[in-house]
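Working notes for the structure below.
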There are 2 protein chains.
Amino acid sequence: MAELSLPDLDPISDRAVFRQIADHLRDAIERGKLHQGDKVPSETQLMQHYGVARMTIRNALQVLQSEGLTVAEHGRGVFVRSHPPVRRLASDRFARRHREQGKAAFIAETEGAGGKPSVDSIKITEENASPDVAERLKLTTEDCVIVRSRRYLINGRPVEIATSYIPAEIARGTQIAQPDSGPGGIYRRLEEMGFQLDHYMEEIRSRMPLRDEARALKLAPGVPVFHLIRTAYTTEGRAVEVCDTVMSSDAYVLSYELPAR
Amino acid sequence: MAELSLPDLDPISDRAVFRQIADHLRDAIERGKLHQGDKVPSETQLMQHYGVARMTIRNALQVLQSEGLTVAEHGRGVFVRSHPPVRRLASDRFARRHREQGKAAFIAETEGAGGKPSVDSIKITEENASPDVAERLKLTTEDCVIVRSRRYLINGRPVEIATSYIPAEIARGTQIAQPDSGPGGIYRRLEEMGFQLDHYMEEIRSRMPLRDEARALKLAPGVPVFHLIRTAYTTEGRAVEVCDTVMSSDAYVLSYELPAR
DNA sequence: GAGTGGTCTAGACCACCCA
DNA sequence: GGGTGGTCTAGACCACTCC
């Protein structure tokens, strides 16, 4: 244990022993006695210090892990989670002027911030619209949509999985239905096709990841995701794309400007 | 067990037994064989079905709980989480026209949606600005701010804790420094004082709650929070308020409009 | 090989809920 | 009082990491 001094258990308290232990460790982290990346005392050390069974220690460590404060590394130890740099998304990120250089938003931004962007798992299909997508695009579930799904990575770390839905009537046979949607991305293609984009609506939820999402984003336990659904509207008010994206919450800060009018 | 049929364990698989069991139950939930509010088979039933020790079952249930899929109720059982109705926050929610009726945004909106809003734990202090708040308000940490903290509830359920910081130079001695900030809330007061509001910037993060936040919001395990920081700017570009709020993620859907320009 | 966390067993007693 | 989950013990064996 050496460096880190932990209090003893309070024999009076009716707070469960494993919670008391979790409290001590959480305190040490919040007070900065344990820093990002520091190793938490091993299970054996904690057992000896508190004089309790291993399961009790493991329960305590489990609490911290599900709070997103620590990560366990098999064979190495338990460490205070270190937070990787975040990507800040501004509310003008899809403004036209950012499309002109011929790069899709993600690529341009990531390079601008000195990171190495990549995209993989690109899959394109044509399907019937789901009820939710149909409603957002003002279609019926009889109508077909082009479905573009892909995963975004920064410096090899997956940060976002996204699925776009575009009415097949618009996109079928165009470059939008190709894996490489070309310079400027699909918003640029839509504008070339005469769909003048006016604004987007974004809906944001936060929740714990599903199993597949946790795997695709290589999420540590205790890391929630943003679930963002964006709909793109033309100047005529027509919805031409729905983009459903799931983002690692510790890779992003979203930022928006609101009118006070 | 009666209604719910669960698969057997795969003796070949090297996936841990408790994970296989968690997978089976997760599947049942995702496929709709278990609905919101349904009781998951008891630990005893699961032990018998799978022929494993109780800790193994508890580990499996723990996985689901930390994924936010279930909640355990002491003495009653484990239940599939039911999601309460959410409050949708539109990006024009702080527009001036919504302030004119004399109600603060939260009250007006909640009543509009047929809910019973309340506010408690109102505390007002005057403190030195923290480095973060100082930076956002373009003050120094020598400067003082009025700190208004409160908790918002809908139908008695806590959904949001908020802390506003207003430069003391502006707010000291005014109604903004009183527990009841008066009709229309502090944004209305600021405008009456000649600070014409122009726009707000909101920064959104998502993470697991700290211990105190989980308690104040009565969060079930496995429910993340939105952490939203809003700064209000006048037409002269001066930052006059920072509002730091933590919201239960299963009570809110945030919604924003972005320009395509 | 020594030390770490990962999984699992087989008990025990307690606190809570409901009939 | 019977069933439920909450806590805790005292072992066991395994897999991974690092020296």
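In what follows, chains carry the letters A, B, and so on, assigned in the order in which the sequence lines appear, proteins first and then strands, with residues in each chain numbered from 1.
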**Asked** Heavy atoms under 4.0 Å, any strand shown: does A:Arg15 hit a base, just sugar-phosphate, or nothing?
**Response** nothing
Of A:Phe18 and B:Gly75, the one whose closest nucleotide on DNA chain D sits nearer the 5' end is B:Gly75
Is any side-chain N of the basic residue among A:Asp250 and B:Arg205 closer than 4.0 Å to the acidic one's carboxylate O?
no
- Message: I'd like to know whether CD of A:Glu127 has more than 12 heavy-atom contacts from other residues, nucleotides or ligands below 6.0 angstrom.
- Response: yes
In whole angstroms, the gap separating P of D:dG5 from NE2 of B:His74 amounts to 9 Å
Item to check | Side-chain ion pair, B:Arg87 and B:Glu109, N-O less than 4.0 Å | outcome: yes
Whole-Å distance, B:Met47 CE to D:dG3 C1', equals 14 Å
Outer limits of DNA chain C sitting under 4.0 Å from a non-hydrogen atom of chain B, read 5' to 3', are C:dT7 to C:dC18
Per nearest nucleotide of DNA chain C, the residue lying toward the 5' end, B:Ala16 or B:Glu73, is B:Ala16
To the nearest angstrom, the CG-P distance between B:Leu46 and D:dT4 comes to 11 Å
| message | Students often mix this up, so state it plainly: with edges at 30° and 60°, are the rings of B:Phe106 and B:Tyr152 parallel, tilted or perpendicular? | response | tilted
### Residues, nucleotides or ligands: over 12 heavy atoms within 6.0 Å of B:Glu135 CD
no
For this session: Using atom types as modelled and distance alone, determine if a side-chain donor or acceptor of B:Arg93 lies under 3.5 Å from a backbone N or O of B:Ala90.
Result: yes
